[in-house]
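Worksheet for the structure shown next.
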Amino acid sequence: MKPIIVVTSTRTVQREDVEIRHYPFIDIVPIQFEQSCLKPHYDWLIFTSVNAIKIFEPYLPKIQVNHIAVIGSKTKKIAEKLNIPVDTMPETFTQEGMLNNFKDKLYNQSVLIPCSKQARDKLTTQLSEWSNQVQRLNIYEPVTNTDNVHKVHELITNNKVTHITFSSSSAVSSYFETYKEIGHGVEVYAIGEITQQKLNTYHQTSKIALESTLEDMINTILKEVKL
């Protein structure tokens with residue numbers, strides 16, 4: 001029997017070896033901002049997510065940038081698809097990974113970080129402490145898709161799913177702010193340590209893929225199913 005995996009991220013994959021049920025828990029809502037707040041030039045532009053690069057891409061012609069950094073292989077692929085040159089990407093797909101790349105290298109620079117309204121401020125704060133002029137620009141907001149949350153809870157209740165995956169802290173909160181737990185018969189998987197940490201705050205046990213991609217998480221599930 002194929003594993004029946006609920007994917008709660010905005011993006012999904014097509015696989016023959018598993019049954020995918022795609023129910024995004026988060027809708028991405030762009031935030032309008034005054035373009036006059038953009039400076040004509042930045043030393044660094046940092047994209048922390050696929051959504052950030054997709055939404056900000058139309059504004060790129062309005063600014064000059066010396067270097068571009070991205071977090072995550074998916075973000076890098078979108079940049080390449082849009083012909084946006086990428087100078088650096090950390091091996092660890094987190095803000096902490098990016099800071100490790102920049103440590104002792106980035107100071108007294110102008111930095112623009114277009115991101116989610118709910119993004120952590122670790123990157124902004126640390127880069128500022130390193131004497132950089134950092135501008136954080138909230139360009140989108142994650143909003144809970146309550147219909148999909150209810151549908152997935154119904155699948156869990158009726159034993160129609162074997163695994164559920166979470167790829168962001170926002171997705172985790174979307175479920176657990178409505179339902180307090182996931183049934184014992186369902187394995188919970190997280191993409192990335194930050195997502196797993198969020199699950200821990202709700203006392204939900206979970207497993208994590210070695211790399212922060214949906215494909216890798218599904219491969220991890222298949223390996224454990226076959227054990």
(message) What I'd like to find out is whether the side chain of L127 reaches to under 4.5 Å of the side chain of I46, using heavy atoms alone.
(response) yes

(message) Looking at every non-hydrogen atom in both residues, tell me the closest pair between P90 and N101 and how far apart they are.
(response) CA-ND2, 3.5 Å

(request) State, to 0.1 Å, how close P24 and N148 come at their nearest heavy-atom pair, and which atoms those are. (result) O-ND2, 2.8 Å

(request) Ignoring hydrogens and angles, tell me if any N or O in the side chain of S173 forms a donor-acceptor pair with the backbone of S170 under 3.5 Å. (result) no

(request) Measure across M89 and G72 and return the closest heavy-atom pair with its distance rounded to 0.1 Å. (result) SD-O, 3.5 Å

(message) I'd like to know if Y202 and V186 are part of one continuous hydrophobic network [Ile/Leu/Val/Met/Phe/Trp/Tyr, side-chain heavy atoms within less than 4.5 Å].
(response) yes

(request) Determine whether I182 and I156 make a side-chain contact, defined as any pair of heavy atoms from C-beta on separated by less than 4.5 Å. (result) yes

(message) Working note: V188 + T205, criterion side chain to side chain contact (heavy atoms under 4.5 Å, CB included); need CA distance, chi angles, decisive distance, verdict.
(response) CA-CA 7 Å; V188 179; T205 58; over 6 Å; no

(message) Contact between I164 and Y23 at the side-chain level, heavy atoms closer than 4.5 Å - yes or no?
(response) no

(request) Quick one: do E154 and H150 satisfy side chain to side chain contact (heavy atoms under 4.5 Å, CB included)? Show the steps, please. (result) CA-CA 6 Å; E154 186 175 345; H150 294 325; over 6 Å; no

(request) Scan residues 178-187 for pairs that pass salt bridge (Lys or Arg N to Asp or Glu O under 4.0 Å), counting only residues two or more places apart or in two chains. (result) E187-K207

(request) Indicate yes or no for a side-chain donor-acceptor contact from S116 to the backbone of N138 under 3.5 Å, with no hydrogens or angles considered. (result) no

(message) I'd like to check S174 versus N145 (side-chain heavy atoms, cut-off strictly below 4.5 Å). Are they in contact?
(response) no

(request) Locate the shortest heavy-atom distance separating F93 from I71; write the atom from each residue and the value. (result) C-CG2, 3.4 Å

(message) Looking at every non-hydrogen atom in both residues, tell me the closest pair between T10 and I26 and how far apart they are.
(response) CG2-O, 3.4 Å

(message) Is a donor from one side chain sitting under 3.5 angstrom from an acceptor on the other, for T8 and Y175?
(response) no

(request) Measure the spacing between OG of S9 and NE2 of H22 and express it to the nearest 0.5 Å. (result) 5.0 Å

(message) Is any side-chain heavy atom of V86 closer than 4.5 Å to one of E80?
(response) no

(message) With a 4.0 Å cut-off on N to O distance, would you call E215 and R15 a salt bridge?
(response) yes

(message) When you compare the side chain of V70 with that of I78, does any pair of heavy atoms fall below 4.5 Å?
(response) no

(request) Decide whether I55 and V143 are clustered together by the hydrophobic rule: side chain heavy atoms of Ile, Leu, Val, Met, Phe, Trp, Tyr closer than 4.5 Å, transitively. (result) no

(message) How long is the straight-line distance from CD1 of I68 back to OG1 of T88, given to the nearest 0.5 Å?
(response) 12.0 Å

(message) What's the separation between atom NZ in K81 and atom NZ in K54, rounded to the nearest 0.5 Å?
(response) 7.5 Å

(request) Give me the ring orientation class for Y179 and H153: parallel if the planes are under 30° apart, tilted from 30 to 60°, perpendicular past 60°. (result) parallel

(message) Can a donor-acceptor pair be found, under 3.5 Å and without considering hydrogens, that links the side chain of Q196 to the backbone of S206?
(response) yes

(message) Run the side chain to side chain contact (heavy atoms under 4.5 Å, CB included) test on N100 and T92 for me, step by step, so that the C-alpha distance in whole Å, both residues' side-chain angles and the decisive distance to 0.1 Å come before the verdict.
(response) CA-CA 9 Å; N100 285 336; T92 304; 6.0 Å; no

(message) Would you compute the distance between atom CG of L38 and atom CD1 of I63 and round it to the nearest 0.5 angstrom?
(response) 6.0 Å

(request) Drop me the distance from L155's CG to K160's NZ, to the nearest 0.5 angstrom. (result) 8.5 Å

(message) I want to know whether F102 and W44 have ring centres closer than 6.0 Å.
(response) yes

(message) For a quick check under 3.5 Å, do Q133 and Y42 share a side-chain donor-acceptor pair by atom type?
(response) no

(message) Is there a path of hydrophobic side-chain contacts, each under 4.5 Å between heavy atoms of I/L/V/M/F/W/Y residues, joining L60 to I31?
(response) no

(message) Would you say I194 ends up clustered with F176 if hydrophobic residues are merged whenever their side chains have heavy atoms under 4.5 Å apart, either directly or through other cluster members?
(response) no

(message) For residues 20-33, which residue pairs pass the salt bridge (Lys or Arg N to Asp or Glu O under 4.0 Å) check, not counting sequence neighbours?
(response) E19-R21

(request) For the pair D87 (side chain) and A69 (backbone), establish whether a donor and an acceptor sit closer than 3.5 Å, ignoring hydrogens and angles. (result) no

(request) Please check if atom NZ in K2 has more than 12 non-hydrogen atoms from other residues, nucleotides or ligands closer than 6.0 Å. (result) yes

(message) Please report the interatomic distance CD(Q118) to OG(S169), rounded to the nearest 0.5 Å.
(response) 9.5 Å

(message) Quick check: closest heavy atoms across T75 and I53, and the distance to 0.1 Å?
(response) O-CD1, 4.1 Å

(message) When you compare the side chain of T144 with that of T178, does any pair of heavy atoms fall below 4.5 Å?
(response) no

(request) State, yes or no, whether a side-chain contact exists between L123 and V134 at a heavy-atom distance under 4.5 Å. (result) no

(message) Given 3.5 Å as the limit, does a donor-acceptor pair link the side chain of Q95 with the main chain of R120, or not?
(response) yes

(message) For T165 and I221: C-alpha separation, side-chain torsions, deciding distance, then whether side chain to side chain contact (heavy atoms under 4.5 Å, CB included) applies.
(response) CA-CA 10 Å; T165 67; I221 290 172; 4.2 Å; yes

Side-chain donor-acceptor pairs of residues 104-114 under 3.5 Å, sequence neighbours excluded:
| residue | atom | partner | partner atom | Å |
| --- | --- | --- | --- | --- |
| S110 | OG | D43 | N | 2.9 |
| S110 | OG | D43 | OD2 | 3.1 |

(message) Does E91 have more than 12 heavy atoms from other residues, nucleotides or ligands lying within 6.0 Å of its CD?
(response) no

